[in-house]
Amino acid sequence: MKKIVALLLLCSSFALAQEKQQAYAPDRGPNEGEGPFKRLIVRGVTVVDGSGAPAIGPMDVVIEGNRIKDIVGVGYPKLPIDPKRRPGDATKEIDGSKMYLLPGFVDMHGHAGGLQQGTTAEYVFKLWLAHGITTIREPGSGNGLAWTIHERDRSARNEIVAPRIVPYAFTGSSMWEGGEINTPEQARKFAQWVAKSGGAGIKVIGGGDIYDPDVLGALLDEAKKLKLGTTTHVAQMGVARMNIVQAARLGMQGMEHWYGLPEALFDARTVQDYPPDYNYLDESHRFGQAGRLWKQAAPPGSAKWNATMDELVKLDFNLDPTFTIYEASRDLMRAMRAEWHDRYTLPSLWKWYEPSRAAHGSYWFDWTTADEIEWKHNYRLWMTFVNEYKNRGGRVTTGSDSGYIYKLYGFDYIRELELLQEAGFHPLEVIRAATFHGAEALHKASGKRPEYGLVRAGMLADLVLVEANPLANLKVLYGTGAIRVNDDTGKVERHGGVRYVIKDGIVYDAKKLLADVERMVSAAKKN
């Protein structure tokens with residue numbers, strides 16, 4: 001019975017045992033991506049380097065193999081390029097004179113699809129890359145840690161069309177054959193198993209024993225010794241035992257969503273104000289009451305608020321808010337009718353989104369105006385905390401958790417960027433969160449310097465090219481582009497959309513990747 005309960009408590013249904021293994025992505029075809037090249041030069045491009053520095057250009061960016069070799073200023077805006085400044089000939093050139101170049105994006109919460117949603121690895125990977133996502137953290141590896149590591153290694157060799165993959169393992173008996181993680185000894189064995197298997201980190205989730213201080217403390221201590229990253233989703237079934245500040249004091253490196261954070265801010269209670277009929281496994285209860293949680297915490301500017309934030313900053317704790325995944329809770333109609341669903345959402349995934357008492361994140365049994373209003377209030381307080389955390393020097397990263405709650409891979413990662421701007425981030429801060437800060441967080445446990453996340457000489461050539469200015473309008477990063485009126489023709493047109501994504505020096509046509517996805521969806525609708 002205990003094992004069954006532990007399985008049900010997992011946020012992601014990917015972690016549940018499946019009847020057969022998810023298929024691997026197909027091998028990269030001969031017409032899928034070009035390169036790497038002996039000497040690729042992106043000519044005359046405007047660079048947003050990911051550090052928070054403003055845009056600069058025109059620049060010639062030289063890539064040799066899979067590394068950025070040089071970044072050379074070749075003139076001034078609105079003046080002809082000075083040919084004397086150009087860094088010589090190239091094996092391959094891209095005309096970047098009307099483009100912006102950014103580091104590849106890092107999705108810190110990217111589940112790789114699953115049988116229950118009918119989402120193939122190829123479908124998910126191409127949606128990610130088409131939106132400039134060149135690295136994902138798989139926070140849990142619900143298809144199995146071995147599966148995720150297998151695809152990580154194929155991606156590293158560029159045998160498949162996919163971002164870099166950083167595999168974490170869920171805590172729980174479903175992940176390994178070692179049994180329940182209910183003692184300090186078991187916790188250490190689990191961390192050792194993850195490291196021996198080739199995993200990069202651990203995602204702590206669930207309830208009961210795993211959040212006992214001695215068990216979690218042993219897990220985090222062993223993970224640190226083994227240079228494994230750690231993150232957590234403190235589910236409601238565990239938060240009465242361990243909130244975010246307590247976990248951070250034990251060595252937890254970061255969190256996803258916000259569970260456990262409002263509870264750390266309680267100053268007039270010790271548990272959430274649950275109604276008498278609340279049942280965690282009824283997701284209309286779970287999410288309906290989650291939208292009423294932040295108002296139960298200490299208010300902005302209070303002593304408790306300030307002390308909690310300052311301690312987390314001091315502990316170098318990473319916030320990965322995933323604002324996008326809960327957006328339907330504050331505006332169901334918007335999420336349901338997002339324009340990309342018709343062309344890019346598989347019928348099986350759409351079916352998964354529909355109200356269901358068994359499918360995770362499908363809690364629309366009787367969603368009310370009052371529920372949405374409470375979630376709007378929830379967002380205002382949540383966003384205030386995240387923005388202040390950034391302003392005080394805390395690291396904030398970007399994750400999407402797509403595949404649930406009407407959220408589509410790739411597209412809703414870009415929506416996460418928009419929501420950070422809504423929270424108060426300058427667009428340059430948004431891009432930094434999406435690039436360098438993500439890379440920094442993923443490299444923290446190893447102690448190594450990030451190899452991607454900035455447009456710098458010596459860094460890996462993971463880059464995004466877009467034919468519009470994302471600092472002026474983040475919507476130009478959507479695969480559907482942004483809408484505007486052409487004043488010369490008087491017609492409504494689309495502009496933007498990622499044009500090229502470069503991963504490991506290989507140039508992919510983002511429009512072609514989206515066309516591949518559209519064909520998959522069209523074929524599925526005919527069956």
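The analysis underlying the following values was restricted to heavy atoms, covering all of them including side chains, and did not include hydrogens, waters or symmetry mates.
- Summarising the local packing, CZ of Arg449 is surrounded by 12 or fewer heavy atoms from other residues, nucleotides or ligands at distances under 6.0 Å.
- Side-chain N or O atoms of Asp320 include one that pairs as donor or acceptor with a backbone N or O of Thr398 at under 3.5 Å.
- Closest non-hydrogen pair, Tyr100 versus Ala468, comes out as CD1-O, 3.3 Å.
- Residues that satisfy the salt bridge (Lys or Arg N to Asp or Glu O under 4.0 Å) test with Asp331, not counting sequence neighbours, are absent from this structure.
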Worked check of ring-ring contact (aromatic ring centres under 6.0 Å, His included) between Trp305 and Phe385: CA-CA 9 Å; Trp305 174 281; Phe385 190 95; 5.1 Å; yes
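- Within 6.0 Å of NZ on Lys376 lie more than 12 heavy atoms contributed by other residues, nucleotides or ligands.
- Counting heavy-atom neighbours within 6.0 Å of Lys511 NZ, excluding the residue itself, gives a total above 12.
- Between Phe170 and Ser141, every side-chain heavy-atom pair lies at or beyond the 4.5 Å cut-off.
- The six-membered or imidazole ring of Tyr452 lies near that of His443, with a centre-to-centre distance under 6.0 Å.
- The ring-ring contact (aromatic ring centres under 6.0 Å, His included) check on Tyr478 picks up Trp340, with sequence neighbours excluded.
- For Glu451, the side-chain hydrogen bond (donor to acceptor under 3.5 Å, both in side chains) criterion is met by Arg67, not counting sequence neighbours.
- Tyr211 meets the side-chain hydrogen bond (donor to acceptor under 3.5 Å, both in side chains) test with Thr232; sequence neighbours excluded.
- Applying the salt bridge (Lys or Arg N to Asp or Glu O under 4.0 Å) rule to Asp267 yields no partners; only residues at least two apart in sequence or on another chain are considered.
- The side-chain hydrogen bond (donor to acceptor under 3.5 Å, both in side chains) search around His377 returns Arg380, not counting sequence neighbours.
- Residues forming a ring-ring contact (aromatic ring centres under 6.0 Å, His included) with Phe266 (at least two apart in sequence, or on another chain): none.
- Aromatic ring centroids of Tyr274 and His285 lie 6.0 Å or more apart.
- Pairing each heavy atom of Ala359 with each of Ser356, the nearest pair is N-OG, 3.1 Å.
- Considering only residues two or more places apart in sequence or on other chains, Ala472 meets the side chain to side chain contact (heavy atoms under 4.5 Å, CB included) condition with Asn469.
- There is a side-chain donor-acceptor pair under 3.5 Å between Ser400 and Asp107.
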message: Is there a ring-ring contact (aromatic ring centres under 6.0 Å, His included) between Tyr404 and His360? Walk through the geometry before answering.
response: CA-CA 7 Å; Tyr404 302 98; His360 174 56; 5.1 Å; yes
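- Residues passing the salt bridge (Lys or Arg N to Asp or Glu O under 4.0 Å) test with Arg292 are Asp371, sequence neighbours excluded.
- By the salt bridge (Lys or Arg N to Asp or Glu O under 4.0 Å) test, Lys351 pairs with Glu354, sequence neighbours left out.
- By the neighbour-count criterion of 12 heavy atoms within 6.0 Å, atom CG of Leu250 is densely surrounded, having more than that number from other residues, nucleotides or ligands.
- Listed by chain and number, the residues in a ring-ring contact (aromatic ring centres under 6.0 Å, His included) with Tyr353 are Tyr406 (sequence neighbours excluded).
- Nearest heavy-atom pair, Ile94 versus Val507, reported as atom, atom and distance to 0.1 Å: CD1-CG1, 4.2 Å.
- Checked against a 6.0 Å centroid threshold, the rings of Tyr413 and His131 do not count as neighbours.
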field: Derivation and outcome, ring-ring contact (aromatic ring centres under 6.0 Å, His included), residues Tyr500 and Tyr508
entry: CA-CA 6 Å; Tyr500 298 108; Tyr508 292 95; over 10 Å; no
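- The side-chain hydrogen bond (donor to acceptor under 3.5 Å, both in side chains) check on Thr134 picks up nothing, with sequence neighbours excluded.
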